Undergrad: 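Sharing a structure below in structure tokens format, with a few things to ask.
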Amino acid sequence: MSSFAGRMKEYSNISLDRFDRENIHARAYFLSHCHKDHMKGLKGPLLKRKLQSSRTVRLYCSFVTKELLLSNPKYSFWEDYIVPLELESPTQISLVDEASGEKEDIVVTLLPAGHCPGSVMFLFEGGQGNVLYTGDFRLAIGDASRIEYLHSGSRVKEIQSVYVDSTFYDPRFYQIPSRDVCLNGILELVRNWICQSPYHVVWLNCKAAYGYEYLFTNLGEEFKTQIHINNLAMFKKMPEILNYVTTENKTQIHACRHPKDEEFLQGNRLPCGSTASDGTPLQIISIKPSTMWFGERSKKTNVIINVFHVYLSLLFNFIYFLLTDSQLSQSQSGCSSSTRLSGSQTPELFSEETDEETSVSSEGQQSLSSSLSNHMSQNQNSPVSDTVILQPGQSNLIFTETEVHQDMMDLPDSQTSSDFDIPCTPESKIPGSQELRELYKKLASGEDLCHCKTGCSSTSQMMNHNENA
DNA sequence: GCGATCAGAT
DNA sequence: CACATCTGATCGC
């Protein structure tokens with residue numbers, strides 16, 4: 001769950017993905033995507049009243065997010081207060097204090113985040129520098145380098161702070177399979193199941209509101225069918241999705257939901273209630289698309305497939321791309337800067353120093369060697385800082401998820417602080433701190449990293465077959 | 001009767 | 001315990 005309080009230090013009079021408490025008084029609201037844990041407060045009466053009394057405050061999001069939001073009647077009061085923005089189209093926004101008339105202009109650019117339909121990252125440019133808020137995102141290697149608005153000419157823009165989804169900021173999530181690998185695995189699995197008889201059906205156990213659409217469209221296209229879902233309202237203006245979904249239940253592929261869907265499955269029934277008309281019991285394979293391939297121990301789910309988030313090695317790649325390269329271009333272009341890169345050009349991410357003062361974003365000069373592991377430990381009875389500076393210069397990395405894992409760099413040799421074990425991705429291993437160190441050095445030296453194994457088509461790599469299934 | 005918060009669940 | 005929710009109990013207005 002997102003633990004981000006809603007405000008960024010550079011532009012503190014706007015709120016993102018949080019709309020409760022103090023955020024109500026922001027001069028503008030930004031919604032990165034339409035998942036509930038990023039919408040806290042968004043249907044609250046306090047916010048509703050604020051909208052009616054303000055002449056200037058608006059909610060900014062993508063067109064698709066607006067459509068998804070308004071398809072839920074609980075949010076229909078937003079209709080007149082949403083300003084949808086095109087992707088990759090810098091837009092100037094005036095942030096007005098209605099009491100004093102004081103005004104600040106910023107330019108915002110929406111960048112596709114690859115997390116679910118309509119999901120974006122926000123790039124803000126203004127008097128307090130360039131700031132990137134990623135929301136939840138799932139990019140592949142190389143994607144960031146293709147985003148025009150992260151560049152200025154041939155160089156990467158200097159980014160003051162990155163507010164980043166850190167859900168999988170943990171060595172145990174070093175590798176998770178790519179979307180393509182997952183999709184191909186599902187296609188193969190579904191093909192081998194539904195070809196057996198008309199009574200062999202597939203149930204996709206989709207927990208979140210959005211994010212499975214690429215599954216629906218690909219399955220629909222591959223098997224020339226539609227996928228049964230509970231209702232179509234949210235996709236009514238998205239024909240490219242609507243073509244592949246239906247509310248009629250005569251299909252072999254279902255993604256329907258019911259509060260008691262587990263009970264339905266016990267009785268060989270789908271959550272939509274459908275059974276074979278001639279009384280033949282359905283053979284149901286249940287597939288759970290989730291980032292958490294290990295979370296289901298209840299015998300109910302046959303196969304778990306992962307979706308949604310970026311994973312650690314890619315996160316490093318992304319952060320490296322943003323932070324180091326912009327610093328590099330800064331020094332190369334001779335811009336005024338107090339920054340100097342060390343000889344190796346390798347940030348001391350894994351320094352053993354214990355200088356606490358480097359942890360929080362202080363003004364002015366910062367140490368070249370702020371330690372990541374320091375920020376992971378709860379010494380001095382203080383809460384874990386969600387700000388980590390891992391870069392020479394002024395760039396900050398700020399996590400927006402629940403908590404930063406305590407034992408980030410402590411595996412596997414000195415496994416002391418972990419209260420529980422998370423199984424590794426099937427057939428991948430946990431990288432030790434030495435391996436991570438080397439990975440980071442490779443990233444810093446600009447080596448191209450590709451994690452595709454040759455011939456990695458095996459579905460077993462991504463699927464966790466439950467023995468009781 | 002609604003919202004906020006929390007425990008418990010998948 | 002993590003995902004992204006959803007449901008139900010309890011408390012306060």
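Per chain, numbering begins at 1; letters A, B, ... match sequence-line order. None of the values given here were measured: they were computed from a predicted structure.
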Undergrad: Please state how far atom NZ in A:Lys207 lies from atom C1' in B:dG8, giving the value in whole angstrom units.
TA: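 Between C1' of B:dG8 and NZ of A:Lys207: 13 Å.
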Undergrad: Which of these nucleotides, C:dA4, B:dT10, C:dC6, is closest to any side-chain atom of A:Lys36?
TA: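 My answer, after comparing the listed nucleotides, is C:dC6.
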Undergrad: What is the minimum heavy-atom distance between A:Ser76 and A:Leu70, and which atoms define it?
TA: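 Smallest interatomic distance, heavy atoms only, reads CA-CD2, 4.1 Å.
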Undergrad: Any salt bridge between A:Glu98 and A:Arg27, counting N to O under 4.0 Å?
TA: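 Salt bridge between A:Glu98 and A:Arg27, a charged N being under 4.0 Å from a carboxylate O: no.
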Undergrad: Starting at CD of A:Glu263 and ending at C1' of B:dT10, how long is that distance when rounded to a whole Å?
TA: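 One finds 12 Å between C1' of B:dT10 and CD of A:Glu263, rounded.
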Undergrad: Quick one: which of C:dT7, B:dT10, C:dT5 gets closest to the side chain of A:Asp37?
TA: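 Looking only at side-chain atoms, A:Asp37 lies closest to C:dT5.
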Undergrad: Rounded to whole angstroms, how far apart are CG on A:Asn205 and C1' on C:dC6?
TA: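 From A:Asn205 CG to C:dC6 C1': 13 Å.
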Undergrad: A:Pro45 side chain: which of B:dA4, C:dA4, C:dC3 is closest?
TA: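 Nucleotide nearest to A:Pro45's side chain: B:dA4.
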Undergrad: Where the side chain of A:Asp136 is defined as all heavy atoms beyond and including C-beta, which of B:dT5, C:dT7, C:dA4 is the nearest nucleotide?
TA: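 The closest nucleotide is C:dA4.
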Undergrad: May I have the distance from A:His258 (atom NE2) to B:dA9 (atom C1'), rounded to whole angstrom?
TA: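 Rounding to the nearest Å, NE2 of A:His258 and C1' of B:dA9 are 16 Å apart.
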Undergrad: Could you state the atom-to-atom distance from NZ of A:Lys74 to P of B:dA4 in whole Å?
TA: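 Going from NZ in A:Lys74 over to P in B:dA4 covers 12 Å.
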Undergrad: What is the distance, rounded to the nearest whole Å, between atom CG of A:Asn230 and atom C1' of C:dT5?
TA: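 Computing the A:Asn230:CG to C:dT5:C1' distance gives 14 Å.
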Undergrad: Any idea which of B:dT5, C:dC6, C:dA4 is nearest the A:Arg257 side chain?
TA: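 For A:Arg257, the side-chain atoms sit closest to C:dC6.
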Undergrad: Among A:Phe4, A:Tyr11, A:Phe399, A:Tyr60, find the residue that satisfies the ring pair (Phe, Tyr, Trp, His ring centres under 6.0 Å) test when tested with A:Tyr133.
TA: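 Among A:Phe4, A:Tyr11, A:Phe399, A:Tyr60, the one that satisfies the ring pair (Phe, Tyr, Trp, His ring centres under 6.0 Å) with A:Tyr133 is A:Phe4.
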Undergrad: Could you state the atom-to-atom distance from CG of A:Leu42 to P of B:dG3 in whole Å?
TA: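 Whole-Å distance recorded here is 14 Å.
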Undergrad: Side chain of A:Arg21, heavy atoms from C-beta onward: which of C:dC3, B:dT5, C:dA4 has the nearest atom to it?
TA: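 Between C:dC3, B:dT5, C:dA4, the one nearest the side chain of A:Arg21 would be B:dT5.
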Undergrad: Can you confirm whether or not the ring centre of A:Phe318 sits under 6.0 Å from the ring centre of A:Phe137?
TA: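 Ring centroids of A:Phe318 and A:Phe137 are less than 6.0 Å from each other.
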Undergrad: Write down the distance between CG (A:Leu265) and P (B:dA9), rounded to a whole number of angstrom.
TA: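 Taking atom P of B:dA9 as the reference, CG of A:Leu265 is at 19 Å.
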Undergrad: Report yes or no: does A:Asp143 contribute a side-chain atom to a donor-acceptor pair with the main-chain N or O of A:Ala140 at less than 3.5 Å?
TA: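 Here the side-chain-to-backbone pair exists.
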